[in-house]
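All of these numbers come straight from a predicted model, not from anything done at the bench. Each chain gets a letter, A, B and so on, in the order the sequences are listed, and its residues count up from 1.
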There are 2 protein chains.
Amino acid sequence: MKFSTRAGYGLRAMVNLAKNHPRRKNLQEISKEEGMSLKYLEQLFRILKKNNLVVSRKGRVGGYVLAKNPKFIRAGEIIEIMDGPIAPMECAGGRCDMKCSCASSVVWIKLRQQIKKTLYGIKLSELI
Amino acid sequence: MKFSTRAGYGLRAMVNLAKNHPRRKNLQEISKEEGMSLKYLEQLFRILKKNNLVVSRKGRVGGYVLAKNPKFIRAGEIIEIMDGPIAPMECAGGRCDMKCSCASSVVWIKLRQQIKKTLYGIKLSELI
DNA sequence: AGAATACCTACTAAAATAGTAGGATTAATA
DNA sequence: TATTAATCCTACTATTTTAGTAGGTATTCT
């Protein structure tokens with residue numbers, strides 16, 4: 001059981017931005033500070049932007065800012081965006097194609113609730 | 001974020017055995033009932049046996065039984081055995097090789113605790 | 001002796017992951 | 001206007017993980 005490193009990097013980058021909020025910051029800086037490849041960061045931020053977590057500015061003094069105050073961004077949002085929906089098992093995602101009433105699906109459904117509760121219970125502002 | 005299907009199958013197989021406890025049951029029956037390949041089940045049970053969750057008997061009337069009463073087997077045990085240790089991110093497993101004090105690791109460490117708590121809070125006997 | 005069972009090793013096809021590469025676009029500044 | 005520094009975009013690729021399959025051996029009851 002693992003979350004992708006993409007989710008890890010995404011979260012770290014967002015925390016980094018949050019520390020700087022509400023000033024703009026460019027990816028080269030983040031890249032240096034966090035020790036991640038610039039090219040890879042660009043990809044990650046495309047995703048973050050597409051999902052309205054950050055706002056960008058192009059050109060010479062370009063860069064990124066958080067789209068909202070870090071008080072209103074939850075760790076869960078970031079992680080689900082980077083990693084896909086939280087669903088520890090197929091059946092927990094909604095439908096279980098078993099004919100039998102599969103007793104073990106209880107485990108996955110309960111677990112999913114707990115993970116979401118935990119992850120959406122953490123604000124970005126708490127991580128600064 | 002997903003657990004492997006191996007963990008899912010393992011759990012289902014264990015629930016199946018638990019329903020039968022303390023009688024012995026062979027893999028062909030389980031295979032039919034749960035709709036999983038016999039050959040694959042054999043592999044899974046090798047792992048379960050190696051980790052002392054089940055006890056086997058060879059030969060004509062062979063089969064498997066739970067090694068303990070289902071009251072004393074936790075969903076978490078089975079899942080960690082089939083899927084590897086619960087560690088949603090590298091850094092949550094113990095060591096984080098970041099020089100900086102990585103603020104986001106808090107998330108993974110807290111999450112790990114919650115997942116373990118949830119999964120070890122469920123007894124096999126509750127799933128029958 | 002035969003049949004049914006667990007046990008073991010090795011292989012493989014497909015999917016997901018974690019990036020890299022090379023360029024196009026935009027906007028401030030010299 | 002030319003340069004430069006930033007975001008933006010598409011495509012590719014090597015590696016790893018996953019989810020099984022295949023074929024055979026060992027054991028034990030009848």
Checklist outcome for this item: Taken to the nearest whole Å, NZ/A:Lys25 to P/D:dT7 is 12 Å
Item to check | C:dC7 phosphate, OP1 or OP2, under 4.0 Å from B:Lys49 side-chain N/O | outcome: yes
Next on the checklist: Treating primed atoms plus P, OP1 and OP2 as sugar-phosphate and everything else as base, which nucleotides of nucleotides 24-30 of chain D get B, S or - for protein heavy atoms under 4.0 Å?
Outcome noted: B--BBBS
Item to check | Nucleotide D:dA19, atom P - distance to CZ of B:Arg12 in whole Å | outcome: 13 Å
Next on the checklist: From CG of B:Leu41 over to P of D:dA19, roughly how many Å is that when rounded to an integer?
Outcome noted: 15 Å
Checklist entry - Roughly how many Å is it from CG in A:Leu27 to P in D:dC9, rounded to a whole number? => result 14 Å
Next on the checklist: Between B:Arg112 (side chain only) and B:Ile86 (backbone N and O only), is there a donor and an acceptor less than 3.5 Å apart?
Outcome noted: yes
Checklist outcome for this item: Sorted by chain and residue number, the salt bridge (charged side-chain N to carboxylate O under 4.0 Å, His left out) partners of B:Lys68 (sequence neighbours excluded) come out as B:Glu77
Next on the checklist: Give me each pair satisfying side-chain hydrogen bond (donor to acceptor under 3.5 Å, both in side chains) with a member in residues 117-128 of chain B, each pair once, sequence neighbours excluded.
Outcome noted: B:Glu80-B:Tyr120
Checklist entry - Could you give all pairs that pass the ring pair (Phe, Tyr, Trp, His ring centres under 6.0 Å) test and reach residues 10-32 of chain A, with sequence neighbours left out? => result none
Checklist entry - CD1 of B:Ile47 versus P of D:dA19: gap in Å, rounded? => result 12 Å
Checklist entry - Is it true that a side-chain atom of B:Asn69 and a backbone atom of B:Phe72 form a donor plus acceptor pair closer than 3.5 Å? => result no
Checklist entry - Hey, does the side chain of B:Ser56 come within less than 4.0 Å of C:dC7's phosphate (OP1/OP2), counting only N and O? => result yes
Item to check | With sequence neighbours excluded, residues passing side-chain hydrogen bond (donor to acceptor under 3.5 Å, both in side chains) with B:Lys49 | outcome: B:Ser56
Checklist entry - With sequence neighbours excluded, what pairs up with B:Thr5 under the side-chain hydrogen bond (donor to acceptor under 3.5 Å, both in side chains) test? => result none
Checklist entry - When we call it a touch if two heavy atoms are under 4.0 Å apart, what does B:Tyr64 touch: a base, just sugar-phosphate, or nothing? => result sugar-phosphate
Checklist entry - Taking CG from B:Leu38 and C1' from D:dG20, how many angstroms apart are they, rounded to a whole number? => result 13 Å
Next on the checklist: From CG of B:Leu48 over to P of C:dA6, roughly how many Å is that when rounded to an integer?
Outcome noted: 13 Å
Item to check | Nucleotide-resolved protein contact map, nucleotides 11-19 of chain C, B/S/- at heavy-atom distance under 4.0 Å | outcome: -------SB
Checklist entry - Mind checking what makes salt bridge (charged side-chain N to carboxylate O under 4.0 Å, His left out) contact with A:Lys25, not counting sequence neighbours? => result A:Glu33
Checklist entry - Can you list the residues that meet the salt bridge (charged side-chain N to carboxylate O under 4.0 Å, His left out) rule with A:Glu42, with sequence neighbours excluded? => result A:Lys39
Checklist outcome for this item: Between B:Asn26 and B:Arg46, whichever has its closest DNA chain C nucleotide further toward 5' is B:Asn26
Item to check | Side-chain N,O (B:Gln28) to OP1/OP2 (C:dA4) below 4.0 Å | outcome: no
Checklist outcome for this item: Taken to the nearest whole Å, CZ/A:Phe45 to P/D:dA6 is 14 Å
